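Residues: numbered from 1 along the sequence shown. Everything quoted here is computed from the prediction, not taken from an experiment. Atom set for the values below is all heavy atoms of this structure, side chains included, hydrogens, waters and symmetry mates excluded.
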Amino acid sequence: MDDTKTTPMGDTRTARITAEEALALHSEGKPGKLEIRLTKPLTTARDLSLAYSPGVAEPCLHIHRDPSLAYDYTAKGNMVAVISNGTAVLGLGNLGALAGKPVMEGKAALFKRFADVDSIDLCVDTEDTDAFINAVRYLGPSFGGINLEDIKAPECFVIEQRLRELMDIPVFHDDQHGTAIVAAAGLINACHLTGRALKDTRLVINGAGSAAIACAELVRAMGMRPEHIIMCDTKGVLYRGRAEGMNQWKSAYAVATDHRTLAQAMSGADAFFGLSAKGAVTAEMVRSMAPNPIIFAMANPDPEITPDEARAVRPDVIIATGRSDYPNQVNNVLGFPFIFRGALDVRASTINDAMKVAAAEALAMLAREDVPEEVAGAGGGSGLRFGPEYIIPHAFDPRLIARVSPAVARAAMESGVARKPIPDLHRYARELAGRLDAGISALETITERLKANPRKVVFAEGEEEKVIRAAIAYRQAGYGTPVLVGREDRINATVAALGIPLPEGIEIHNARLSDSNRRYAEFLYGRKQRQGFLLRDCQRLVNQDRNAFAACMVAAGDADAMVSGITRSTGDTLENVRLAIDTAPGTVLFGLTMMLSRRAGTVLVADTAIHERPDAATLAEIARQSAAEARRLGLTPRVAFLSFSTFGDPGGTIPGSVREAVRLLDESETDFEYDGEMAADVALSPQLRALYPFCRLTGPANVLVMPGLHAAQILTKAVPFLTSATTIGPLLVGMEKPVQIVNMGSSVNQVLDMACFAAHAAISR
């Protein structure tokens with residue numbers, strides 16, 4: 001089910017975040033999750049004259065003569081309205097339009113994140129069906145599509161059908177069709193694995209709400225025989241002649257059968273779709289099903305039956321749920337962003353059955369392909385492979401947009417609802433593949449992989465409030481065991497003042513009182529006794545310096561990684577860490593900063609932490625290691641060696657070492673693109689790079705190797721304040737053990753992010 005469908009904060013069965021954390025995210029900085037950004041420069045009087053009066057009159061007049069030009073001169077073609085009246089918000093019920101707004105903002109955020117579709121949430125404050133329809137029907141000129149959300153049944157059926165008739169743009173109720181499309185994809189693959197033909201498969205659906213009816217409707221459209229579908233509600237089977245609790249939508253799925261209960265319907269059934277409630281399916285029901293049964297227990301937050309319970313009685317079962325902590329998650333985010341992407345790009349007048357079937361089939365086929373390494377790691381660390389536990393693609397698979405959207409676009413064209421056909425769908429798929437930033441996807445797969453492979457991370461400055469909060473968040477997210485280094489009474493006092501209970505599984509180590517104190521001191525003494533250190537010096541360091549203690553803990557294998565730096569400079573912190581942990585053999589230690597921007601995507605900048613003026617050999621090695629890190633983030637590395645000079649113009653002595661670094665790489669084996677020396681704008685701009693046809697970069701650089709620490713620090717610290725870019729890091733690259741050092745004054749989330757990077761490095765090792 002849709003990942004935005006979560007439980008109240010008090011429900012600890014699935015929620016690993018606190019109410020305080022959720023409220024803080026929504027309130028910090030600009031309240032909410034959305035804002036509007038300009039796509040054109042409006043800095044001069046001429047800019048304003050072109051964008052507004054008098055220049056804006058020209059597109060107005062052209063659109064008046066030809067309405068289709070609205071797609072060329074306005075944002076209509078990439079704009080979806082997420083509309084709700086809040087009558088069925090998440091699993092919380094009828095909260096009303098205003099209380100449903102955070103969900104609608106979240107839906108808009110998912111549209112942007114997964115398919116680069118712009119979206120605005122509109123909350124309509126009425127439960128009157130006709131009034132709601134009349135409020136929405138007149139919005140067509142502003143939007144390329146309408147996504148209806150969290151509207152209760154049966155009103156949602158009437159609203160969607162009427163709006164589809166009244167409007168000439170796609171109207172799509174995701175609670176119905178999104179679930180149906182993803183579930184249908186999984187059913188295609190489950191039938192394939194069990195040797196079933198869909199038309200002969202007998203399906204039981206428990207639940208008769210909007211999603212259940214949409215599932216029945218879609219599998220019928222895919223060829224399943226109507227008489228092979230038995231639907232149940234809280235009163236039992238929907239059979240012909242039943243009067244109690246029926247309506248026109250349920251009646252359409254009533255069949256001639258002697259079955260009256262769910263248990264009777266399940267006997268001998270091939271497949272089960274659950275869109276009902278926790279515990280609705282018993283072990284005995286599963287035992288009574290046909291060989292190799294297929295169960296999609298999609299109730300949230302808890303399924304009708306858990307995979308463990310089902311497999312206990314039927315080891316041959318293929319099972320999916322709506323939860324991310326089990327294999328085969330039926331997640332709406334696999335569908336709606338990409339369906340609308342394809343529909344918008346061909347200017348479809350509607351989203352019809354052919355487009356839904358095409359989306360389901362594309363999802364099914366993608367699950368059968370080899371899974372990229374970064375996605376496989378996120379799914380469990382040992383890789384994902386098509387089979388009973390992988391019949392639905394992972395939500396963070398970067399190939400989704402290039403598979404599903406073209407399939408939807410093709411279906412729209414073939415079914416006659418596309419008003420702007422795409423002549424070359426293969427080229428369209430390639431363009432989509434480059435539309436989203438692989439680096440951002442990689443960040444999400446890091447946390448997914450951590451959940452499957454938890455690690456113990458030492459938070460060295462364990463008495464600091466931000467560090468304690470980050471450690472709590474690390475534990476609650478399921479990333480592993482946090483270790484707070486500090487005095488227990490101080491930590492407990494801070495926790496009490498915060499009003500946040502310290503979760504089980506967080507360790508507190510007082511360096512002075514630790515049982516490992518003597519062992520760590522002897523370890524340090526063994527390393528430093530010929531470098532002017534006495535045993536008592538090492539004992540004092542372990543007792544009094546938390547970074548030294550934490551580093552010893554990691555070096556001794558008592559923890560997997562460490563994070564520090566919030567109270568001391570990077571240089572001071574690193575000095576004490578290096579007492580216990582060396583640079584990895586054959587590598588250079590340096591800082592790598594990730595810069596994430598709408599315009600340039602993910603760009604890595606090195607060195608941003610260690611080398612004030614690196615020589616040519618160091619620059620060349622930094623380039624090699626940075627290219628390897630880029631690959632780990634899912635990027636194809638294109639390395640630019642930066643300078644104030646571009647290929648010798650203007651001249652100077654500083655670019656010499658940069659030029660020499662390029663020569664050193666030329667004389668060695670490399671497996672990535674690189675060139676230099678060049679100015680930053682040349683590295684990032686195709687137009688400027690075209691002035692140098694001999695340049696070896698085939699696209700904008702995504703790894704910038706800086707000539708010195710001064711330039712690197714100026715760039716990475718100024719850009720976030722001058723643009724909308726986000727920076728992460730600097731990340732330490734080249735340590736023998738996983739260590740990350742945050743900047744002084746970092747936020748709780750920044751500490752948490754760096755802890756995750758350190759823990760992920762431990763998995764990779």
Side-chain angles (χ1 to χ4, degrees), residues 1-3 5 14 175 177-194 196 198 201-207 211-212 214-216 218-219 222 224 229 266 269-281 283 285-286 289-290 292-336 359-368 371 375 378-380 384-397 400 404 448 452:
M1 301 290 281
D2 191 336
D3 251 359
K5 304 291 190 279
T14 59
D175 295 325
H177 309 297
T179 301
I181 289 164
V182 180
L187 183 62
I188 290 170
N189 280 337
C191 287
H192 174 79
L193 289 170
T194 57
R196 291 181 169 96
L198 193 64
T201 300
R202 294 195 299 147
L203 172 67
V204 175
I205 301 176
N206 194 45
C215 286
L218 186 58
V219 295
M222 292 167 54
M224 185 175 285
I229 303 171
M266 291 279 280
D270 297 302
F272 169 82
F273 277 10
L275 296 131
S276 51
K278 173 186 177 181
V281 173
M285 292 179 190
V286 175
M289 294 179 71
N292 301 306
I294 300 165
I295 295 177
F296 284 20
M298 296 177 280
N300 260 338
D302 296 301
E304 285 81 1
I305 187 169
T306 68
D308 293 339
E309 291 168 339
R311 291 193 186 101
V313 293
R314 293 298 298 270
D316 58 340
V317 70
I318 294 178
I319 185 165
T321 71
R323 289 174 51 149
S324 61
D325 51 349
Y326 292 124
N328 299 324
Q329 184 191 16
V330 180
N331 187 339
N332 285 25
V333 83
L334 290 163
F336 70 85
E361 291 176 343
L363 287 170
M365 293 306 106
L366 178 58
R368 300 184 194 184
V371 182
V375 178
L384 299 174
R385 189 175 292 107
F386 178 61
E389 294 201 350
Y390 189 71
I391 57 174
I392 300 171
H394 194 280
F396 293 138
D397 193 321
L400 282 162
V404 180
E448 289 294 301

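Every residue was checked against the salt bridge (Lys or Arg N to Asp or Glu O under 4.0 Å) condition with R202, not counting sequence neighbours, and none meets it. Listed by chain and number, the residues in a side-chain contact (heavy atoms from CB on, under 4.5 Å) with A312 amount to none (sequence neighbours excluded).
Ion pair E389/R311 flagged as a salt bridge, since at least one NZ, NE, NH1 or NH2 atom sits closer than 4.0 Å to an Asp/Glu carboxylate oxygen.
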Please assess Q329 against T321 for the test side chain to side chain donor-acceptor pair (under 3.5 Å), listing each intermediate value before the final yes or no.
-> CA-CA 5 Å; Q329 184 191 16; T321 71; over 6 Å; no
Would you check, one step at a time, whether the test side-chain contact (heavy atoms from CB on, under 4.5 Å) holds for N331 with V182?
-> CA-CA 7 Å; N331 187 339; V182 180; 5.6 Å; no
Passes side-chain contact (heavy atoms from CB on, under 4.5 Å), L366 versus D397? Steps please.
-> CA-CA 9 Å; L366 178 58; D397 193 321; 4.2 Å; yes
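Between I188 and A364, the closest heavy-atom pair is CG2-CB, 3.9 Å. Listed here is the closest heavy atom pair of I205 and A216: CD1-CB, 3.8 Å. Summarising the geometry of H394 relative to L400, their closest heavy-atom pair is O-CD1, 3.7 Å, with the distance given to 0.1 Å. Closest non-hydrogen pair, C191 versus L198, comes out as SG-CD1, 4.1 Å. Contact between A212 and L275 at its shortest, heavy atoms only, is CA-CD1, 3.6 Å.
A donor-acceptor contact under 3.5 angstrom links the side chains of T194 and R196, judged on distance only. The closest side-chain donor-acceptor pair between R323 and N300, if any, does not fall under 3.5 angstrom. The closest side-chain donor-acceptor pair between D270 and T201, if any, does not fall under 3.5 angstrom.
Within the 4.5 Å cutoff, the side chain of N189 has no heavy atoms near those of the I392 side chain. Looking at N292 and V317, their side chains never come closer than 4.5 Å, going by heavy atoms from C-beta outward.
With rounding to the nearest 0.5 Å, the separation of CZ in F272 from CE in M266 is 5.0 Å. Note that CZ of F336 and OG1 of T179 are 10.5 Å apart. Values are rounded to the nearest 0.5 Å. Atom CG in L187 sits 8.0 Å away from atom CD1 in I391 (nearest 0.5 Å). Note that CD1 of I305 and CD1 of I319 are 6.5 Å apart. Values are rounded to the nearest 0.5 Å. To the nearest 0.5 angstrom, L218 atom CG is 9.5 Å from H177 atom NE2. Taken to the nearest 0.5 Å, the NZ atom of K278 stands 10.0 Å off from the OG1 atom of T306.
Without hydrogens or angle criteria, E309 side chain to A283 main chain gives no donor-acceptor distance under 3.5 Å. When atom types are taken as modelled, the side chain of N206 and the backbone of S276 share no donor-acceptor pair closer than 3.5 angstrom. One N or O on the side chain of N328 and one on the backbone of P388 form a donor-acceptor pair closer than 3.5 Å.
Applying the ring-ring contact (aromatic ring centres under 6.0 Å, His included) test to pairs two or more places apart or on separate chains, those with a residue in residues 292-323 are F273-F296.
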